[in-house]
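Here is the structure we will look at, set down as structure tokens.
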2 protein chains.
Amino acid sequence: MKTEKEITIYDIASKIGIAPSTVSRALNNNPTISAATRKKITELAEKLGYQHNPFARNLRMQKTHTIGVILHELNSQFITSVLAGIEKVATESKYNLIIGHSGENAKIEVVNANNFFHKRVDGIIASLSFDTDDLNHFKQFQNKNIPVVFFDRVFEKSDAAKVIINNYQAGYDATAHLIAQGCKRIAHITSSLKRNVYSERKNGYKKALEDHKIKYDEKLVIIDGFKEEDAIRSAKRILAMKHLPDGIFITNDFCAAVVIQNLKDAGIRVPQDIAVVGFNNDSIGKVISPKLTTINYPGFEMGQVVARTLVNHLKGIWDMNLTNTVIIKSELIVRESSLKKGKD
Amino acid sequence: MKTEKEITIYDIASKIGIAPSTVSRALNNNPTISAATRKKITELAEKLGYQHNPFARNLRMQKTHTIGVILHELNSQFITSVLAGIEKVATESKYNLIIGHSGENAKIEVVNANNFFHKRVDGIIASLSFDTDDLNHFKQFQNKNIPVVFFDRVFEKSDAAKVIINNYQAGYDATAHLIAQGCKRIAHITSSLKRNVYSERKNGYKKALEDHKIKYDEKLVIIDGFKEEDAIRSAKRILAMKHLPDGIFITNDFCAAVVIQNLKDAGIRVPQDIAVVGFNNDSIGKVISPKLTTINYPGFEMGQVVARTLVNHLKGIWDMNLTNTVIIKSELIVRESSLKKGKD
DNA sequence: CTGTTAGCGCATTCAA
DNA sequence: TTGAATGCGCTAACAG
């Protein structure tokens, strides 16, 4: 158990015969230190393998240099891409990340938020769980001027900073594409309408139907989760419809893949009998047959924008409360699963 | 900017008229405190909304209560399951997690290891990147008696603690299954043989061939990455073979899915012409056609075992150096992609 | 059972 | 340009 002692600024100071405060200043690039002493200090620090002690520093500065990231889940390629984008910016900016995911459970989301609050994070990045009803658990941060940026799953009404795509437009585009392929009876499989991403996509779906004189039918809208068992259930509900749809707009690629699989198992041809459009552009879409038409959702870019927004605010470079909504571009990617025309 | 002051144990102490150390003890469940004062203290702490300051505590205790997790990537369901398992145990045991992933790059792995060392983690959980050549970057932890547990991608020769599956057996089972389905010419798509998981699976593959009097042929072994572009390249190499194989054992499900897709695009029937077995039991295997036969790799259990091993060691419950290798059970899951018999 | 005291390593005010 | 002194909040050794 011979744990070598860590090098501190005192060790450096006494070895050179100067004050610890001078060492501290030199190591923090304080301009009041002469070039000569700075050189001596940095060289010795290097030689001894000095590493600052973040706890002492944080205790002293009352800052943690840590960003808390609150996610609903880690199960999609979209969300891991976002995380990679956040991580890139955070690392560049010398911020640490702590990650909490709620498993789509509002109660756990609250626990994570409280936990991060107690850990005294400098800022928060969050995407809401399925069933989060309010933002009360984020109030504590605002009260202490700890900035919070939401992305993807946000409260659009709230005046908090947020980074989103135009879900309405994406929903419209997906549906309009199905209509252009000749679909006249388009079902919609989505999830909790509490979440902007789903309610907005549904609004876009509805508007596209209206614009093309197709009557909106509540019975064609299925709301459920996106896990395998949920998707199977949704597929069964589609198959149980007296009058089958000829197109489905599903707001999640994995779910779409499972639904397509189940339709095929039931003898239905995709896209000939039912055309399908997914959402997210997960890589799963390229390995299923037929390959999935979907909406590209640039997670990595979104992650970078979110983190950049927060970090710039923390560093006082700009006030994120001024430009509080950033909209990231997304677009329809047409593959096989929706191409009815000329197929049949 | 009215940042309210945090409540400290001094606030509680002075309000009650006792010593701060007593408050500290009471809040840490030190048994030497009388029930009466403990009650007073905990109640007031609750009322004032006291939260301990982890920096002061860490500074004082020279412990961080943080575990560094070094991963190769976050892109498979297996690895996110492992992470979920680790997180469960860590949370239960009041440990924080910091996660670094290398993107399969040994250099970044070294950077992450050094970074975690400087952050003074209490312990390390690691799975090696594709091209990691040595464990030198983990030496610094051992020198300071900071425990390191490896999982999945390990150096089997090293005497470090590790949690693995029996990759040799899994490789043997997968191959023997293909042979039992009538395959006589079995290709193998895998990755860097520097990694135990791949070299062991290959050894199992080889042994199964031998045991069934099939000659091992180097030219049937393809070594590449598992990303989409890698998998496409591997599929092309299969298709370019003069004498096509009638079975392929692929050590990654996503890669297997892409390969199957490409074989089908080339007019090859799976499993009739070529049977395929994957590895990991990612959910992608259930949504492709044919559904993928694979090896179940219980990530969540593995994550829990790894974290439990480390935490118990940290808490002094047991010395993990005594039982330094844990083997987790895995098994073959037969679906459609390998079932040649009676198909043709 | 509880109080006193000291110090973890650092950044910062005030003095020089 | 540098030094001395202080305290961030907490835990632990020691004393009572």
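Heavy atoms only: backbone and side chains are in, while hydrogens, waters and symmetry mates are out. We name chains A, B, ... by the order of the sequence lines, and we start the count at 1 in each one.
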request  = Return the value, rounded to whole Å, for the distance between atom CZ of A:R25 and atom C1' of C:dA15.
outcome  = 11 Å

Gap between atoms CE and C1', on B:M61 and D:dA12 respectively (whole Å) = 10 Å

key: Under 3.5 Å side-chain donor-acceptor pair for B:S129 and B:D131   = yes

remark   = 5'-most contact on DNA chain C (nearest-nucleotide basis), B:Q62 vs B:N30, goes to B:N30

ask   = Whole-Å distance between D:dC8 C1' and A:R57 CZ?
value = 14 Å

task = Evaluate the side-chain hydrogen bond (donor to acceptor under 3.5 Å, both in side chains) criterion for residues B:N196 and B:K157: first the C-alpha distance (whole Å), next the side-chain angles of each, then the deciding distance (0.1 Å), finally the verdict.
result = CA-CA 10 Å; B:N196 66 304; B:K157 297 289 154 48; over 6 Å; no

query = Looking only at side-chain N and O atoms, does A:S24 come under 4.0 Å of OP1 or OP2 in C:dA11?
reply = yes

query = Is B:N28 touching bases, backbone alone, or none of the nucleic acid, heavy atoms closer than 4.0 Å?
reply = sugar-phosphate

A:H313 side chain vs A:T309 backbone, donor-acceptor pair below 3.5 Å = no

Length of the CD-C1' vector between B:E6 and D:dG7, whole Å = 16 Å

inquiry  = Whole angstroms only, please: what is the CD1-C1' distance between A:I41 and D:dG3?
reply    = 12 Å

query = Contact class for A:F55 vs. all strands (heavy atom < 4.0 Å): base, sugar-phosphate, or nothing?
reply = nothing

note = When rounded to whole Å, the CZ to P distance for the pair B:R38 and C:dT2 reads 9 Å

ask   = Considering only side-chain heavy atoms of A:A56, which listed nucleotide, D:dC10, C:dC10, D:dG9, is closest?
value = C:dC10

ask   = Nearest to the side chain of A:T37 - D:dT2, C:dT2, C:dG9?
value = D:dT2

Acceptor/donor pairs from residues 18-27 of chain B side chains to any protein atom, 3.5 angstrom cut, sequence neighbours excluded:
{"residue": "B:S21", "atom": "OG", "partner": "B:R25", "partner atom": "NH2", "Å": "3.4"}

query = In whole angstroms, how far is the P atom of C:dT5 from the OH atom of B:Y10?
reply = 12 Å

ask   = If only side-chain N and O atoms of B:Q51 are considered, is one of them under 4.0 Å from the OP1 or OP2 phosphate oxygen of D:dG9?
value = no

message = Starting the side chain at C-beta, find the nucleotide from D:dT2, D:dC10, C:dT2 nearest to B:T22.
response = C:dT2

message = Counting only heavy atoms and a strict 4.0 angstrom limit, can you tell me which residues of residues 12-20 of chain A come near DNA chain D?
response = A:I18, A:A19

query = Under a 4.0 Å N-O cut-off, is there an ion pair linking B:E92 with B:K88?
reply = yes

query = What does A:S34 touch in the nucleic acid at a heavy-atom separation under 4.0 angstrom: a base, only the sugar-phosphate, or nothing?
reply = sugar-phosphate

ask   = To the nearest Å, how far apart are B:L59 CG and D:dC10 P?
value = 12 Å

message = If you count heavy atoms of other groups shown closer than 6.0 angstrom to NZ of B:K15, is the number above 12?
response = no

ask   = Salt bridge or not for B:R195 and B:E104, using N-O below 4.0 Å?
value = no

ask   = For D:dC10, does either OP1 or OP2 sit under 4.0 Å from a side-chain N or O belonging to B:Y50?
value = yes

request  = Determine whether B:V82 and B:F300 make a side-chain contact, defined as any pair of heavy atoms from C-beta on separated by less than 4.5 Å.
outcome  = no

query = Hey, does B:T32 reach any base, or is it just sugar-phosphate, or nothing, if we go heavy atoms under 4.0 Å?
reply = base

query = What nucleic acid atoms does B:S21 come within less than 4.0 Å of, heavy atoms only: base, sugar-phosphate, or nothing?
reply = base

